[in-house]
Amino acid sequence: MTSGLSDEQAVYFLRRLRAARYKTLEDAEDFKTICFCLEELGATLAKKRLKGLGSCETVLLSQVSARSQTDLNVLFGLVIDARNDLAHRGVFARQTASRAVKLALMLEESLMPSNVQVSYLMSNDIVQILEFYTLEKIRELMLENSFSYLPYYKDGTYYLVSDAYVAKAWRNSSDGDKYVHHAPPRLRLKDLKRAKELCVTDDVYTASKKMNGSPAMVFDKEGEGRCLVGILTPFDLL
């Protein structure tokens, strides 16, 4: 774990960096979101207010391994220069976004606590299929978010609806059957995979074995009275 931070702080910044990285990947001109996160992390580590991103470099460098410091130093300088430049367009923006993402990844690795629990990596924003969703809506959600699976809750159990399942339903409707796209699909539970279930305190090694390559639903505790609090995908474990 990063020195100078509690587990709670480390997980907070791990989540902040991940969210900023995803936002930058969606919009290259928004790499400044990562910069804001780095400034907050630097000030927290230094335990004082720092003036600008450049003043965070020393304290952030101290958090990564000696082997990674040279790479971080170079990336940090390029990102600072880009932030001060007004030409955040086209190829320049994409190059800067790529560098900022690499910088975030290096710091995320240093923030990872030694005992990694599911709660540190799961997504709290659960996108799932509701009973009234049309086939068109489900397809749209998958395409917009690059999801391979969407959870579906029925009769006390969570199931996983795959992109292959949705694609088959979408393509198999004939030209005269296009109204099917605008109606809730007939989801046959026997054709769906049941979602694995995890607890927030499970470690990632246990979670990986349970998931077996598919997303899993995460609950706040085991047994009666539990609440769904997140979802963990194989991508989150990378």
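Position 1 is the first residue of the sequence, and the numbers go up from there. Side-chain atoms are counted along with the backbone in the values below, which use heavy atoms only and exclude waters and symmetry mates.
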So T70 and N73, side-chain hydrogen bond (donor to acceptor under 3.5 Å, both in side chains) or not? Walk me through it. CA-CA 5 Å; T70 300; N73 184 269; over 6 Å; no

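- Here the closest non-hydrogen pair linking L228 and V218 is CD1-O, 3.4 Å.
- Atom CE of M142 sits about 12.5 Å away from atom CD of E140, to the nearest 0.5 Å.
- You'll find the side chain of V79 reaches within 4.5 Å of the side chain of C35, heavy atoms only.
- Residue T96 holds its OG1 atom at 5.0 Å from CZ of F31, rounded to the nearest 0.5 Å.
- To the nearest 0.5 angstrom, D27 atom CG is 8.5 Å from T33 atom OG1.
- Between Y165 and L187 the shortest side-chain heavy-atom distance falls below 4.5 Å.
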Applying side-chain contact (heavy atoms from CB on, under 4.5 Å) to L38 and L107, what does each step give before you reach the verdict? CA-CA 9 Å; L38 295 178; L107 287 167; 3.2 Å; yes

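- Counting non-hydrogen atoms of other residues, nucleotides and ligands closer than 6.0 Å to CD of E144 gives a total above 12.
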Do M217 and L232 pass the side-chain contact (heavy atoms from CB on, under 4.5 Å) test, and can you show the C-alpha distance, the side-chain angles, and the key distance before you say yes or no? CA-CA 7 Å; M217 312 311 293; L232 187 73; over 6 Å; no

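- In summary, the side chains of S68 and D71 do not present any donor paired with an acceptor at a separation below 3.5 Å, with no hydrogens or angles considered.
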Does the side-chain contact (heavy atoms from CB on, under 4.5 Å) test come out yes or no for K221 and T201, once each step is laid out? CA-CA 8 Å; K221 61 181 180 180; T201 54; over 6 Å; no

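- Here the side chains of L135 and P184 are not in contact, with every heavy-atom distance at 4.5 Å or above.
- Side chain of S208 to backbone of V204: no donor-acceptor contact under 3.5 angstrom is found.
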Walk me through whether H181 and T134 qualify under side-chain contact (heavy atoms from CB on, under 4.5 Å). CA-CA 7 Å; H181 294 174; T134 63; over 6 Å; no

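- Remark: K210 pairs with D202 by the salt bridge (charged side-chain N to carboxylate O under 4.0 Å, His left out) rule, at least two apart or across chains.
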Evaluate the criterion salt bridge (charged side-chain N to carboxylate O under 4.0 Å, His left out) for residue pair E197 and R226; output intermediate values, then yes/no. CA-CA 12 Å; E197 299 179 354; R226 64 182 184 171; 2.9 Å; yes

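- Remark: the backbone N or O of K23 is not paired with any side-chain donor or acceptor of E26 at under 3.5 angstrom.
- Atom CG of L141 sits about 11.0 Å away from atom CD of Q128, to the nearest 0.5 Å.
- Shortest non-hydrogen contact noted between L50 and C56 is CD1-SG, 3.8 Å.
- With sequence neighbours excluded, no residue satisfies ring pair (Phe, Tyr, Trp, His ring centres under 6.0 Å) with Y22.
- Applying the side-chain contact (heavy atoms from CB on, under 4.5 Å) test to R15 and every residue at least two apart in sequence or in another chain returns V11, M122, N124.
- I231 is not connected to V127 by any chain of hydrophobic side-chain contacts under 4.5 Å among Ile, Leu, Val, Met, Phe, Trp and Tyr, and they are in different clusters.
- Separating the CG atom in L45 from the OG atom in S62 is a distance of 6.5 Å, to the nearest 0.5 Å.
- In this structure, Y152 and Y159 have tilted ring planes: the angle between them lies in the 30° to 60° band.
- Legend: residues meeting side-chain contact (heavy atoms from CB on, under 4.5 Å) with S98, ordered by chain and number and at least two apart, are K102.
- N145 places no side-chain N or O within donor-acceptor distance of the main-chain N or O of F147, the cut-off being under 3.5 Å.
- With contacts defined as side-chain heavy-atom distances shorter than 4.5 Å, the pair V161/V166 qualifies.
- No single ILVMFWY cluster, assembled from side-chain heavy atoms under 4.5 Å apart, contains both L25 and L78.
- Linking ILVMFWY side-chain heavy atoms closer than 4.5 Å, directly or via other members, places L130 and L160 in two distinct hydrophobic clusters.
- L105 and I80 fall within a single hydrophobic cluster, where Ile, Leu, Val, Met, Phe, Trp and Tyr side chains are chained together by heavy-atom contacts under 4.5 Å.
- How far OG1 of T58 is from CG of L61: 6.5 Å, rounded to the nearest 0.5 Å.
- Taking the side chain as every heavy atom from C-beta outward, L75 and M106 approach each other to under 4.5 Å.
- For the residue pair S214/K196, the side-chain donor-acceptor check at 3.5 Å is not satisfied.
- R18 places a side-chain heavy atom less than 4.5 Å from the side chain of L121.
- Proximity of L198 to T206: side-chain heavy atoms (C-beta onward) are nowhere separated by under 4.5 Å.
- Within the 4.5 Å cutoff, the side chain of Y153 has no heavy atoms near those of the I129 side chain.
- Taking every heavy atom of both residues into account, P234 and P215 meet most closely at CD-N, 4.0 Å.
- Across every non-hydrogen atom of F76 and L103, the tightest pair is CD1-CD2, 3.8 Å.
- Side chain of N212 to main chain of K209: no donor-acceptor pair is present (N/O by atom type, distance under 3.5 Å, no hydrogens or angles).
- Contact detail for Q117 and V200: the closest heavy-atom pair is CB-O, 3.7 Å.
- Heavy atoms only, all atoms of each residue included: Y158 and P151 are closest at CD2-CB, 4.3 Å.
- Listed by chain and number, the residues in a salt bridge (charged side-chain N to carboxylate O under 4.0 Å, His left out) with E40 are R16 (sequence neighbours excluded).
- Every side-chain contact (heavy atoms from CB on, under 4.5 Å) that A104 has, sequence neighbours left out, goes to L17, R21, I34, E108.
- In the hydrophobic cluster analysis, where Ile, Leu, Val, Met, Phe, Trp and Tyr join through side-chain heavy atoms closer than 4.5 angstrom, L237 is grouped together with V116.
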